[in-house]
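See below for the structure under consideration.
Heavy-atom basis, side chains included; hydrogens, waters and symmetry copies ignored.
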There are 2 protein chains.
Amino acid sequence: MTELRADARRNLERVLDAAEQVFAASGPDASIDEIARLAGVGHGTVFRRFPTKDDLMYAVIERHVAQLHAIAEEALAADDPGEGFFDFARRAAELMMTTPGIHKCVVHCGEKPGAAELEELGRKLVSRAQRAGALRKDFEPAEVGPLVRAALLAAPPGQWRRYLDVVLDGLRT
Amino acid sequence: MTELRADARRNLERVLDAAEQVFAASGPDASIDEIARLAGVGHGTVFRRFPTKDDLMYAVIERHVAQLHAIAEEALAADDPGEGFFDFARRAAELMMTTPGIHKCVVHCGEKPGAAELEELGRKLVSRAQRAGALRKDFEPAEVGPLVRAALLAAPPGQWRRYLDVVLDGLRT
DNA sequence: CCTGAAACGGACTGTGCAGTCCGCTTACGT
DNA sequence: ACGTAAGCGGACTGCACAGTCCGTTTCAGG
């Protein structure tokens, strides 16, 4: 059951690649039809693997989340909690903003994908920085991410760094 | 031509009121049908006055923009340019966040409605504060609004004040 | 009143999407 | 080579919505 036929695996790959491209270009409003077309399969094939458009979106997002995970662990190991947090924010932003459409997808899904662990990591990162006095204390760890992401989304294409700076400065004590 | 029949004027009123309510509740995704139903008219009637959903949205927004206009003028008359700007931001946010759905509509329309004058006012407010050294200089006047609005939208229902604080602090020099 | 223009409203059209279904095709174990 | 289950794809359904059309109703001026 878990073993996929060779052609099926190939198609699955193609679908994920196509989905990544299309979501990156059009954000969460991308249509399954377009993805299927680009992948060169019928859209029925897409729905067989991913019963729901959101399922497909999660799958695409999960690929990206893996990378974030690594960055977060590293930041958590930093000596200075404040530095750790701000570094993570900057590097995570760098990563996400290479594919703004997917960033929109993340916002659209409201975390769900790798929620469990990654969110936990973020929580630690934030509260550690707060305890060290590097960060405003009147924000829940879970609120920081959405605020930063919202600011990033508001920025014109190449300009998000300045927007990030403003929010990070505002979060400093 | 400009004279509207009595019943027509009555219906127009009803439609605008209903639209305000519905847009306030559901943001830009509200459907014309729902508005028409609430107004107690057929949806054909709505489309006769407002050929396009966006036209209706603009009309609703314009009502709100008028109030902003007054606040902006007042702020521009303040002695301290910095105070003027921050006061305006806070009072404008207060106004917009009483109807978050409509705030979303404004974001959706990207300014268009009272653009001409109001945007000019905002521009003056920002650049005056920048010249006075109260505000970061690496932001175009036109960029400030969207950034602030994005942060407001990211806030959970009653919590936007803290989010606004962060962004305003970040914009300070 | 009575009439014609203005306004009405809802049936209708067209579009774009997610998600389902089923007859056909293809991989792959024997 | 061949039988069969896994896989395929596109026709189909259902829905929500914006926007149009036109036969009917209502207002307002003479």
Protein-nucleotides 27-30 of chain C N/O pairs closer than 3.5 Å?
unit_1: C:dC28; atom_1: OP1; unit_2: A:A6; atom_2: N; d: 2.8

Distance in angstrom units between [X] [atom1] and [N] [atom2], rounded:
X     : N      : atom1 : atom2 : value
A:F47 : C:dC17 : CZ    : P     : 11 Å
B:D55 : D:dT20 : CG    : P     : 11 Å
A:E3  : D:dG7  : CD    : C1'   : 15 Å
A:K53 : C:dT20 : NZ    : C1'   : 18 Å
A:L12 : D:dA6  : CG    : C1'   : 14 Å
A:R49 : D:dA6  : CZ    : P     : 11 Å
A:D54 : C:dC17 : CG    : P     : 16 Å

Out of curiosity, A:D138 CG to A:Q130 CD, how far, rounded to the nearest 0.5 Å?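 Rounded to the nearest 0.5 Å, the CG-CD separation comes out at 8.5 Å.
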
Can you name the atoms? Protein N/O to nucleotides 10-13 of chain C N/O, anything below 3.5 Å, with the distance.
unit_1: C:dA11; atom_1: N6; unit_2: B:H43; atom_2: NE2; d: 3.3

Can you check whether A:F139 and B:Y163 have ring centres sitting under 6.0 Å from each other?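 That pair passes the under 6.0 Å test.
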
Could you check whether A:R172 makes a cation-pi contact with A:F86, meaning its NZ or CZ is under 6.0 Å from the centre of the six-membered ring and within 45° of the ring axis?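 A:R172 over A:F86 ring: yes.
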
Please step through salt bridge (Lys or Arg N to Asp or Glu O under 4.0 Å) for the pair A:D7 and A:R14, ending with a clear verdict. CA-CA 11 Å; A:D7 55 342; A:R14 279 190 197 164; over 6 Å; no

For DNA chain C, which residues in residues 27-40 of chain A have a heavy atom at a distance below 4.0 Å?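 By residue number: A:A30, A:S31, A:I32.
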
Taking only the side-chain nitrogens and oxygens of A:N11, find out if one of them lies under 4.0 Å from OP1 or OP2 of D:dG7.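 Negative; the distance criterion is not met.
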
